[in-house]
Peer 1: 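My structure is below; once you've seen it, I'll send some questions.
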Amino acid sequence: MTSRTMIEAKNISKYFEGKIALSSLSFSIQQGEMVALIGPSGAGKTTLLNSIAGIIPFQNGELLIDSRSISSYKKGKVFAKKVGVIRQQFDLIGSIAVIHNVLAGRLADWSLFKSLLSFLVPQEKGMALKALEKVGLSDKMYEITSTLSGGEQQRVAMARLIVQKPEVILADEPVASLDPARAEDVLEMMIKFVAEEKQTLIASLHSVEYARKYFTRIIALKNGEIQFDLPTEKVTDDLLANLYRLKEQE
Ligand code: ADP
């Protein structure tokens, strides 16, 4: 299979009120890669993911998504098929049934009329059911979302992504709010469906252990810079200790 570059960052920088958050980052990510983004708090992980998601603008440099400048995508349907986001807070609507949250993943493909109608008569119920089966929640389809546990809600968010089927998935601390058993469950599931669909995954994680166990490449950020970018098997304990070392210890 010829490899296809899904994300290419060329010297991107981001400042918040004059303070640097991303310092001239360059990297490229091929289709099918599973990349963990690690680094101490404040390193720039969320800022980088939000820049790739088009949620916040960056100031300098160039960012190509599937060989097209991110600024050339009109926000909306085409971009939603390219890039999907999953976060720690799940971004679900708590007061509606699980099925409606899952089908919200189809908004990128539907007309406004069909989208609105789906709140009355769930469209493509079969598709929602299939996605919920994949995440082990088919029996919760009609439950009110807020009554589900944190781990279950994160699976609903994943079912929504399965339905959305973006080519690139950005996951910002996707398991940070879950206990270790649930976290591993959710990560395993995510890696499995991403591999099945040949999607590309970039996830920020504060657990180095999960990064090493589930991801094939690790990009480490510190103070807005890339400290290392390596295949997982080349990431040594020394590199990690150095990454998380406090300034006064350096
Ligand atoms: P991480 O996700 O690695 O913890 P962030 O991307 O959240 O790091 O933050 C990187 C840097 O940018 C930090 O210094 C943080 O304080 C700063 N920052 C992030 N978002 C904002 C914002 N909205 N306004 C001002 N500063 C911000």
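Each ligand, and each atom within it, is numbered from 1 in the order the structure gives. Residue numbers start at 1 and run along the sequence shown. None of these values were measured; they are calculated from a predicted model.
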Peer 1: For ligand 1, list the protein residues that place a heavy atom within a distance below 4.0 Å of one of its atoms, sorted by chain and number.
Peer 2: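 Under the 4.0 Å cut-off, ligand 1 touches Phe16, Lys19, Ala21, Pro40, Ser41, Gly42, Ala43, Gly44, Lys45, Thr46, Thr47.
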Peer 1: Can you tell me if Thr232 uses its side chain to pair, donor with acceptor, with the backbone of Thr216 under 3.5 Å?
Peer 2: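 Yes, Thr232 side chain to Thr216 backbone: donor-acceptor pair under 3.5 Å.
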Peer 1: Between the side chains of Asp185 and Arg182, is the shortest nitrogen-to-carboxylate-oxygen separation below 4.0 Å, so that they form an ion pair?
Peer 2: no
Peer 1: Would you say Leu63 ends up clustered with Phe79 if hydrophobic residues are merged whenever their side chains have heavy atoms under 4.5 Å apart, either directly or through other cluster members?
Peer 2: yes
Peer 1: According to side chain to side chain donor-acceptor pair (under 3.5 Å), who are the partners of Glu133, at least two apart in sequence or on a separate chain?
Peer 2: none
Peer 1: For Leu239, what residues pass the side-chain contact (heavy atoms from CB on, under 4.5 Å) criterion, not counting sequence neighbours?
Peer 2: Phe228, Leu230, Thr236
Peer 1: According to side-chain hydrogen bond (donor to acceptor under 3.5 Å, both in side chains), does anything in residues 56-66 pair up with another residue at least two apart or in another chain? List the pairs.
Peer 2: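 Qualifying pairs, neighbours excluded: Arg4-Asp66, Asp66-Lys82.
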